[in-house]
Enquirer: 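Got a structure here, written out as structure tokens. Questions coming.
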Amino acid sequence: MEQSVHYLVLLRRFSCRLCSELSEEVGGIWDSALVSALTEDWSNQVQNTGEMPTFWLVSEDESHKPIQLLHYHTHTLGRGPETRIKDQKCSRQQVELRADCNRGFVTVKQLGSNPTSVDDVVVGKGNQVTFKPGQKLYMVNRLYPYTLQFREESTPGGASEEKSRPMKRPHQRDAHEEKDEDKEKSCRVSAPSCSNSAARPEKTHTPEMEPAAHWSQGLKVSMQDPNMQVYKDEKVVVIKDKYPKARYHWLVLPWDSISSLKALRPEHMELLKHMQRVGDRMVQQCPSSTKLHFRLGYHAIPSMSHVHLHVISQDFDSPCLKNKKHWNSFTTDYFIESQDVIAMLERDGRVSVKDGTSELLKLPLRCHVCHKEQSTIPKLKEHIRVHLLS
DNA sequence: GTTCTAGAAC
DNA sequence: GTTCTAGAAC
């Protein structure tokens, strides 16, 4: 217990250091409001991939159905049937909203004369501010509060308003929402505290709701969640793996929507190099970087959509590491080093995965240090402790 | 990706 | 009997 507390204290100090030092080193930032603008290429990529992440503007007092805010579409709102606001102080065109689903915020421009605000910040006529999950938008005079919810829209082109309701998002559930305390202690990586009630999933699933987003889309949700983000800059975001397979296990994800290694093209080279640099920095800033060995790489056939670079310490000391698939995905050629992916892209212009790679997950359990075969996961975990202590 | 659990392995 | 795995379901 004492050790866990100590560990958490270290982590918090580490996070603070990361905030200042890492930002300096790689030009990254920690306040998502400061994220600089990306190009509009993303919009095209979304259309090409058929993936349509969208925000939903949710009336806090549930006076009307949530309003879908499609990526890069402008939405003018104010007094009228859509919001059911009848207050004369509210203009019919009170605000213009523009969602950037990839970077996780909506731009709010005040068009009306009376003040629109986001939390305590008054936008001001003609001005615009960012609005993120966890914040509250007050349409006018600190009245008519709204929150943002984010989810993947599974029907490209957009669902009709009638059937489009925010749904529960299982992968937005944080570790601390399930058997919280035990998990936090046992996984040795503290889940960040979540004050973002607006972005939390619905607890119940009513018949009129659409089915939940597929689990494989979970990273796209997590990477947008400010409570999950450990680092971010204009190109990438880093989150802690929700089910870490070692004492330190981060994921570096590009803001650009790249579904898998297969989708990588030469134009992604600089992005991949940047992802590796950020991963390297994560390691360098880690208080245990001198004691633990780290590897940076990609799963050849990842379960989760959206390219993500694993930055993982090689202790594999985690209760979340439970089965052969977990083990072999990090200790066989199923795990492709970041530098090898970059080299392959440089050489071939593509990243290919060898036939039979999925079979690597079924290989016998073998210690990653001494290569001795172990019969079961519990025995393997007992065995690797020996290397950890030596 | 995780959880759950039947049944294999011990 | 218990432990552990592997496949289904999510």
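To find a chain, count down the sequence lines: A is the first, B the second, and so on, and within it residues start at 1.
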Enquirer: State which residues pass side-chain hydrogen bond (donor to acceptor under 3.5 Å, both in side chains) with A/Gln276; sequence neighbours excluded, sorted by chain then number.
Expert: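 Expected list: A/Ser338.
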Enquirer: Over how many whole Å does the gap from A/His326 atom NE2 to B/dT3 atom C1' extend?
Expert: 11 Å
Enquirer: When clusters are formed from ILVMFWY side-chain contacts under 4.5 Å, directly or step by step, what else is grouped with A/Leu321?
Expert: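 Traced through the cluster, A/Leu321 reaches A/Ile312, A/Phe316, A/Trp327, A/Phe330, A/Phe335, A/Leu365, A/Ile377, A/Leu380, A/Ile384.
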Enquirer: Find the distance A/Gln217:CD to B/dT2:P and express it as a whole number of Å.
Expert: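 Whole-Å distance recorded here is 16 Å.
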Enquirer: Roughly how many Å is it from CG in A/Leu321 to P in B/dG1, rounded to a whole number?
Expert: 12 Å
Enquirer: Where do N or O atoms of nucleotides 7-10 of chain C meet protein N or O atoms at under 3.5 Å, pair by pair?
Expert:
residue: C/dC10; atom: N3; partner: A/Trp215; partner atom: NE1; Å: 3.4
residue: C/dC10; atom: N4; partner: A/Trp215; partner atom: NE1; Å: 3.3

Enquirer: Please list, for nucleotides 4-6 of chain C, all pairs of protein and nucleotide N/O atoms separated by less than 3.5 Å.
Expert:
residue: C/dT5; atom: OP1; partner: A/Ile377; partner atom: N; Å: 2.8

Enquirer: Looking at A/Arg247 and A/Asp317, does any basic side-chain N land under 4.0 Å from a carboxylate oxygen?
Expert: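 Looking at A/Arg247 and A/Asp317, the cut-off is met.
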Enquirer: For residues 109-147 of chain A, which residue pairs pass the ring pair (Phe, Tyr, Trp, His ring centres under 6.0 Å) check, not counting sequence neighbours?
Expert: A/His64-A/Tyr146
Enquirer: Other hydrophobic cluster members with A/Leu111, side-chain heavy atoms of Ile/Leu/Val/Met/Phe/Trp/Tyr under 4.5 Å, chained?
Expert: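 Its cluster partners, ordered by chain and number, are none at all.
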Enquirer: Of all residues at least two apart in sequence or in a different chain, which pass the side-chain contact (heavy atoms from CB on, under 4.5 Å) check with A/Thr357?
Expert: A/Ala300, A/Ile301, A/Tyr334, A/Val353, A/Lys354, A/Leu360
Enquirer: Applying side-chain contact (heavy atoms from CB on, under 4.5 Å), can you list everything that pairs with A/Asn114, at least two apart in sequence or on another chain?
Expert: A/Lys89, A/Val140, A/Asn141
Enquirer: Which residues satisfy the side-chain hydrogen bond (donor to acceptor under 3.5 Å, both in side chains) test with A/Thr376, sequence neighbours excluded?
Expert: none
Enquirer: Can you list everything that forms a side-chain contact (heavy atoms from CB on, under 4.5 Å) with A/Ala343? Sequence neighbours excluded, please.
Expert: none
Enquirer: What residues, two or more places apart in sequence or in another chain, satisfy side-chain contact (heavy atoms from CB on, under 4.5 Å) together with A/Val369?
Expert: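 Partners of A/Val369 under the side-chain contact (heavy atoms from CB on, under 4.5 Å) test: A/Cys367, A/His387.
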Enquirer: In whole angstrom, give the distance that lies between atom NZ of A/Lys325 and atom C1' of B/dG1.
Expert: 7 Å
Enquirer: Any residue in residues 294-302 of chain A with a heavy atom nearer than 4.0 angstrom to DNA chain B? Just list them by number, or reply none.
Expert: A/His299, A/Pro302
